Amino acid sequence: MAQMNMIEAIRSGLDVVMDKDPGVVILGEDVGYFGGVFRCTDGLQRKYGEHRVIDAPIAEGGIIGAAIGMGVNGLRPVAEIQFADYIYPGFDQVVSELARLRYRSAGEFFSPVTIRTPCGGGIRGGQTHSQSPEAIFAHIAGIKTVMPSNPYDAKGMLISAIESDDPVVFFEPKRIYNGPFDGDPDKPAVPWTSHPKGEVPEGYYTVPLGSAEVVQSGEELTIVTYGTLVHVAQAAAEATGVDAEVIDVRSIFPLDTKTLSNSVRKTGRCLVAHEATRFSGYGAELTARIQKDCFYHLEAPIGRIAGWDTPYPHAFEWQYFPGKKRLAAGIRKVMETQA
Amino acid sequence: MAQMNMIEAIRSGLDVVMDKDPGVVILGEDVGYFGGVFRCTDGLQRKYGEHRVIDAPIAEGGIIGAAIGMGVNGLRPVAEIQFADYIYPGFDQVVSELARLRYRSAGEFFSPVTIRTPCGGGIRGGQTHSQSPEAIFAHIAGIKTVMPSNPYDAKGMLISAIESDDPVVFFEPKRIYNGPFDGDPDKPAVPWTSHPKGEVPEGYYTVPLGSAEVVQSGEELTIVTYGTLVHVAQAAAEATGVDAEVIDVRSIFPLDTKTLSNSVRKTGRCLVAHEATRFSGYGAELTARIQKDCFYHLEAPIGRIAGWDTPYPHAFEWQYFPGKKRLAAGIRKVMETQA
Amino acid sequence: MASKKSRLHIPRPTARPGEEPDFSYLNLTPAGSVDKPPVNSRTRDIEYLSEDLVRVLDEDHKAVGPWNPTIDPDKLQVALRWMLLNRVFDDRMWQIQRQGRISFYMQAAGEEAVSIAQGMALRPGDMCFPSYRNQGLYMLRGVKLVDMMCQCLSNTRDMCKGRQLPIMYHSKKANIYSISGNLGTQYPNAVGWAMASAIRGEDHIAASWLGDGSTAEADFHHALTFAAVYQAPVILNVVNNQWAISTFQGFAGGERRPFAARGLGLGIPGIRVDGNDLLAVYAVTLWAADRARRGGGPTLIELVTYRGGAHSTSDDPSKYRPKDEWSAFPLGDPIERLKQHLITEGHWSEQKHEALTEELKTEVLAAWKEAQKAGTMTEGPFLDPATMFDDVFAEMPPSLESQRRYMLEIESGE
Amino acid sequence: MASKKSRLHIPRPTARPGEEPDFSYLNLTPAGSVDKPPVNSRTRDIEYLSEDLVRVLDEDHKAVGPWNPTIDPDKLQVALRWMLLNRVFDDRMWQIQRQGRISFYMQAAGEEAVSIAQGMALRPGDMCFPSYRNQGLYMLRGVKLVDMMCQCLSNTRDMCKGRQLPIMYHSKKANIYSISGNLGTQYPNAVGWAMASAIRGEDHIAASWLGDGSTAEADFHHALTFAAVYQAPVILNVVNNQWAISTFQGFAGGERRPFAARGLGLGIPGIRVDGNDLLAVYAVTLWAADRARRGGGPTLIELVTYRGGAHSTSDDPSKYRPKDEWSAFPLGDPIERLKQHLITEGHWSEQKHEALTEELKTEVLAAWKEAQKAGTMTEGPFLDPATMFDDVFAEMPPSLESQRRYMLEIESGE
Ligand SMILES: Cc1ncc(C[n+]2csc(CCOP(=O)(O)OP(=O)(O)O)c2C)c(N)n1
Ligand SMILES: Cc1ncc(C[n+]2csc(CCOP(=O)(O)OP(=O)(O)O)c2C)c(N)n1
Ligand SMILES: [Mg+2]
Ligand SMILES: [Mg+2]
């Protein structure tokens with residue numbers, strides 16, 4: 001076991017699969033010689049060569065489009081999109097080729113592309129370095145969408161994603177690249193070494209896609225969340241003194257509905273939280289699903305805490321970000337409501 | 001008053017605003033000389049000239065991108081995207097320019113573009129002529145998204161959309177261009193002349209964005225839907241004998257939550273229905289919102305009927321399409337469940 | 001606002017319905033007049049290839065000039081057969097659609113030389129990323145007519161299992177990629193495929209096709225950029241059939257420079273070829289394939305041809321172009337031209353041609369009969385709707401399993 | 001899989017850290033050597049403009065050749081002042097970011113002639129669609145330094161009301177569009193703006209800027225296509241500063257042909273200009289503007305320059321390029337070159353230059369002091385967070401009103 005932050009864990013995951021499978025190639029802006037603007041591919045070009053860790057033109061549609069073709073030709077491409085906010089120019093390739101290829105060719109063709117992309121706010125990135133567009137990808141039939149919340153899961157799920165024959169959009173909450181974050185930007189930064197999930201095996205292992213994790217068990221309320229907010233939710237629960245069960249969804253699609261409903265049936269109350277814009281966000285799916293599966297167990301309406309329905313503003317990052325205060329208020333509201 | 005089908009109503013709406021406001025221009029593939037593949041702009045180039053009804057290169061990103069610039073320069077552009085399935089190549093322009101311009105410039109700049117695009121299945125279009133991507137646009141802060149279900153609303157809402165200083169994505173359910181459709185493809189086609197909403201004033205009028213409509217009142221159950229399914233829902237309700245209130249959402253965003261909650265609080269039961277893929281679809285938002293607003297009035301879990309989480313298959317169009325049978329089953333399920 | 005007169009340039013086709021067809025805008029160089037450079041020429045030295053028109057068949061149906069590939073008459077007869085089969089097949093399927101027995105169809109009328117000549121010039125291991133007008137490629141690469149028909153019928157033998165519109169074929173065995181429906185997306189996929197081939201140090205190249213209108217799409221640009229940057233072994237074909245549904249090629253920017261010149265700014269050589277001259281198309285494709293295989297990178301080929309029919313069965317071209325435009329097209333009909341060449345050379349005759357046509361009609365009809373056995377739109381056997389949930393993913397996730405169960409329950413109810 | 005050797009071409013910069021800078025790949029034509037054609041020339045007759053390098057200032061700091069715009073010394077001093085102000089401003093803001101007082105910054109070091117020369121050549125009614133390195137444009141068009149600083153501070157006087165990253169300015173009054181953050185999106189917007197101007201029969205033209213790296217984006221292609229098809233009155237500028245973060249211009253396809261040639265295939269003339277030669281940039285911009293205003297359509301201008309600094313405050317270029325590359329850049333520093341020209345002509349001196357520098361530093365410092373009064377990241381006054389919900393739409397929809405109320409409730413709680 002080693003101590004790794006999320007960047008190191010992702011790099012290690014890439015290293016492990018590249019070493020194991022010579023068909024794995026990396027393609028993206030600044031990923032090669034430089035090692036990526038977040039350093040996730042640092043050293044990999046030196047180790048595996050320019051023909052496997054490939055600097056690309058600034059064209060997300062071209063990167064994804066070329067990766068698809070490489071995948072059809074037997075490679076296992078990992079495309080990096082520098083920020084999730086920049087995935088939109090490649091959206092047509094994701095929907096109209098990547099997600100549909102296997103289906104429309106009745107299984108004859110497929111392309112096992114993994115798209116890695118840093119998402120989320122909290123780094124003063126303003127409106128085009130802070131977005132969390134997972135709901136959009138969750139709605140596209142034919143791709144899997146995941147978002148780990150810690151180094152251990154990041155490496156294990158990334159290996160699963162790359163080895164999967166299905167296309168996967170792999171969101172990396174960049175705010176927690178270097179350490180877990182409890183939602184309070186004024187507190188000193190905490191490194192991953194202080195967190196059990198910062199312990200990461202150096203070699204090969206996988207964390208399966210499609211499974212959620214109960215990161216903290218509790219009896220009074222279930223908080224369903226993912227990414228950075230997993231950590232904020234724990235802090236908020238502690239602040240309120242509510243005995244909350246916190247579930248890290250991890251896999252946006254496929255969704256592990258069992259783990260969710262088991263918990264909510266037990267606690268009878270549920271708060272759903274994410275960073276993305278609330279309206280038509282992924283929290284809506286979680287809520288809709290839980291109200292169906294747990295209707296007769298629910299003692300209060302499911303709460304939904306999310307980013308506001310505005311772009312992500314630079315100056316008001318911490319008023320926009322669903323931090324500890326907002327989550328705590330959400331928890332209290334769900335708890336106060338009488339059944 | 002005249003009898004119009006939805007195509008004629010849309011054309012009439014365009015005609016009325018073009019006549020009223022010389023700044024209104026139309027831009028799109030085949031919209032000019034030919035009058036559009038669905039004929040919605042037929043005759044408008046002859047009437048208003050090649051400089052106001054402009055045939056465009058086949059580049060949805062370019063069409064939307066150019067329309068934005070025209071809008072910034074004082075015109076009021078209406079961009080046609082030939083099929084909603086083809087809007088993805090223009091997605092970055094919608095998100096990163098159209099939706100954000102006013103916000104990021106603190107109101108100094110804006111571009112009042114309306115994007116018209118035919119959506120939905122039921123015309124044997126296969127996987128790339130049948131999609132309903134409204135949920136994706138609903139999630140983008142800064143644009144309005146609407147979908148009328150009849151000629152009267154289509155014209156009135158289109159005029160509102162074009163006259164609005166906000167960008168609007170205007171979805172046209174193509175299956176009901178020529179007549180209302182109750183979900184049974186084997187029955188003879190019904191023209192709009194048989195429907196009260198096929199009566200359309202020839203001149204100027206508006207239907208405001210942001211308001212839902214109760215198209216059928218009832219006491220036992222609320223069906224919340226929009227587009228083609230408004231008609232299918234009415235037929236399904238009739239088939240089941242349930243006294244259903246049917247609400248046509250019309251405006252995807254902004255959403256008229258009042259009309260929804262008033263109804264569900266009255267009936268105590270709710271079924272949400274749409275054609276698009278279910279997972280992370282717009283029905284999730286409707287469901288999540290209604291469970292919150294009406295929790296203490298709900299006697300059964302809110303049902304959700306939607307397209308399956310697969311691409312839209314050519315051969316199984318009618319098994320994919322949420323038709324009368326599926327809606328009726330959904331109605332029965334919500335009715336049978338005991339509170 | 002329109003107080004002053006608009007200065008916006010609006011492209012206009014030379015003729016609209018009721019007017020005299022006018023192809024004077026086409027720059028036609030005489031057959032045999034264009035030099036054939038070595039395949040390792042520098043792009044800047046062969047820019048003329050993107051302006052001139054490579055042609056082999058002359059007015060007298062002779063094959064002339066440096067691009068003459070001197071193909072065996074036998075092989076040419078085979079080529080003629082394929083083109084004719086393509087035409088006969090399309091005619092039949094068009095009729096079938098008109099009778100309401102398939103939902104949709106698109107024909108390649110007038111463009112058959114593209115798929116046949118290029119298909120013949122490529123090697124079986126080369127991967128094709130076609131558009132929807134390349135049905136000839138499938139035939140040539142061994143996909144059975146009956147299988148193509150079953151695709152159009154979405155029946156129990158459909159290679160797409162009912163998921164695609166008619167004509168959206170694919171064949172892994174024949175190395176032909178699947179068709180998206182969204183224009184142009186296959187172009188960067190082809191480049192990526194070619195990049196992978198180069199990475200592995202293999203000889204296989206990729207080829208892709210799209211129409212004049214589709215060059216305006218982003219993916220055209222992405223493909224050219226990536227192909228140029230990595231010198232990918234790929235042939236990028238632009239089938240300039242003058243029309244994109246109702247808009248003529250000027251709306252894709254074809255008014256000022258040929259499409260063949262689009263890659264020059266990136267250092268990609270372009271060749272403008274008479275797309276209705278099977279010999280010329282074959283020759284330029286071989287040239288480009290050879291260049292790619294030797295590490296010379298991508299070539300952009302513009303095939304100048306004419307969309308002889310309607311855009312699709314949903315289209316009515318009499319609304320936007322002269323009815324007799326095709327017959328006025330100066331590059332004629334590719335089938336007729338090859339036929340006349342073979343006749344001139346003494347390797348063919350009107351009688352043989354007629355007999356062949358009849359034979360192919362019979363073949364197509366037989367295939368149609370067989371195809372129907374696997375089901376039609378109205379008569380069984382039908383595909384099992386439960387298969388609708390297959391192949392969304394490699395393994396069906398639980399949510400789709402439960403949707404499938406629910407669908408079967410509902411379908412069996414009432 | 002890598003049994004055989006990869007044949008994929010991977011572009012490589014001429015020098016990496018620790019190596020000798022090498023700009024031999026730049027095709028440098030001597031100052032004064034490139035002909036200046038009439039503005040109504042046919043694109044095909046002026047292709048040389050996209051290969052050669054238009055330069056006015058020669059090795060002896062004299063202005064020579066047909067492109068010499070013969071500008072008044074007064075006006076040149078003004079230009080020098082603007083460039084210097086841009087440099088001094090950037091230096092100060094960079095320091096300020098380093099002190100943690102703004103979140104982010106991007107400088108134009110080495111590229112100041114682009115904004116200043118082009119800004120001067122355009123008319124006030126012409127609309128600019130800038131990239132993030134065009135801060136000189138705002139200064140020149142009258143946006144106050146203090147207002148730019150307040151934007152960077154996201155404070156109570158911020159033109160963006162706290163919504164944008166530093167340097168994402170805009171100014172409706174100055175006719176400068178707002179910056180998206182997603183690369184290249186402004187390019188088709190500029191073309192659309194120009195189309196509207198043409199539709200109304202107006203004289204105003206649009207101009208847009210993006211970097212060498214950004215030419216790979218789809219919007220570059222969309223803009224060129226639409227500009228060509230409609231002959232929109234627009235100047236499309238590619239600022240080739242050799243680098244796109246860590247990748248050199250070869251990764252955008254610049255290895256084989258200059259970026260100026262990218263529009264040739266669509267019939268758009270391209271001009272390659274010494275981007276560090278204020279006189280040359282001014283002259284070509286006037287030429288292109290004149291052409292556009294006379295209905296000649298778009299021009300693509302490639303400005304050959306060098307990104308003197310880091311990509312942004314988040315970047316560390318010593319990781320990927322030689323530290324001394326800038327000083328080895330053969331086109332030098334635009335400020336130094338204009339300064340030397342003016343000195344040579346007897347209109348300037350080292351002393352004056354130093355005095356001006358001091359004056360500008362004082363001006364910038366004064367602006368910074370004033371800016372801080374409107375709030376900093378740590379000290380008030382602060383913008384009202386409730387304004388975060390404004391301007392999403394023309395009128396606030398009820399859902400945002402209720403979110404705003406809820407936000408205020410929560411923020412006031414605890
Ligand atoms: C992204 C996208 N936009 C629009 C369409 C609708 N469409 C289908 S074919 C076509 C015309 C294409 O013309 P061209 O590329 O010249 O090919 P041709 O049909 O002439 O072979 C259009 C606009 C589409 N399929 N995909
Ligand atoms: C769509 C998109 N992709 C990626 C980025 C990240 N990014 C910001 S600047 C930049 C490099 C741009 O280089 P270039 O166009 O040459 O401009 P320069 O910075 O040299 O002025 C990149 C990759 C982005 N902002 N938007
Ligand atoms: Mg065409
Ligand atoms: Mg650059």
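Chain identifiers are assigned alphabetically (A, B, ...) following the order of the sequence lines, protein sequences preceding nucleic acid strands; residue numbering begins at 1 within each chain. For clarity, every value in this text was computed on a predicted model and none was experimentally measured.
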(request) For Arg102(B), check salt bridge (Lys or Arg N to Asp or Glu O under 4.0 Å) against everything at least two apart and list the hits. (result) Asp166(B)
(request) Give, for atom OG of Ser132(B) and atom NE2 of His139(A), the distance between the pair rounded to the nearest 0.5 Å. (result) 8.0 Å
(request) Can you tell which part of Tyr103(B) gets under 4.5 Å to a heavy atom of chain A, answering side chain, backbone, both or neither? (result) side chain
(message) Using a 3.5 Å distance criterion without hydrogens, assess whether the side chain of Ser280(A) forms a donor-acceptor pair with backbone atoms of Tyr282(B).
(response) no
(request) Of all the heavy-atom pairs spanning Tyr296(A) and Glu299(B), show the shortest one and how long it is. (result) OH-O, 4.4 Å
(message) In terms of relative ring orientation, are Phe91(A) and Tyr88(B) parallel, tilted or perpendicular, with 30° and 60° separating the classes?
(response) perpendicular
(message) Applying a heavy-atom distance below 4.5 Å, give me the residues of residues 58-66 of chain B that approach chain A, sorted by number.
(response) none
(message) Heavy atom to heavy atom, less than 4.5 Å: which residues from residues 255-266 of chain B reach chain A?
(response) Leu255(B)
(request) Could you tell me which of Gln131(B), Gln127(B), His314(B), Gln291(B) has the largest number of non-hydrogen atom pairs under 4.5 Å with chain A? (result) Gln291(B)
(request) Name the region of Thr277(A), side chain, backbone, both or neither, that has any atom closer than 4.5 Å to a heavy atom of chain B. (result) both
(request) Using non-hydrogen atoms and a 4.5 Å limit, figure out which bit of Leu286(A) sits close to chain B: side chain, backbone, both or neither. (result) neither
(message) Is Ile140(B) in contact with chain A via its backbone, its side chain, both, or neither, using a 4.5 Å heavy-atom distance?
(response) side chain
(message) At a 4.5 Å cut-off on heavy atoms, which part of Arg278(B) comes close to chain A: side chain, backbone, both, or neither?
(response) both
(request) Could you tell me which residues in residues 305-313 of chain A have at least one non-hydrogen atom under 4.5 Å from a non-hydrogen atom of chain B, sorted by residue number? (result) Asp309(A), Thr310(A), Pro311(A), Pro313(A)
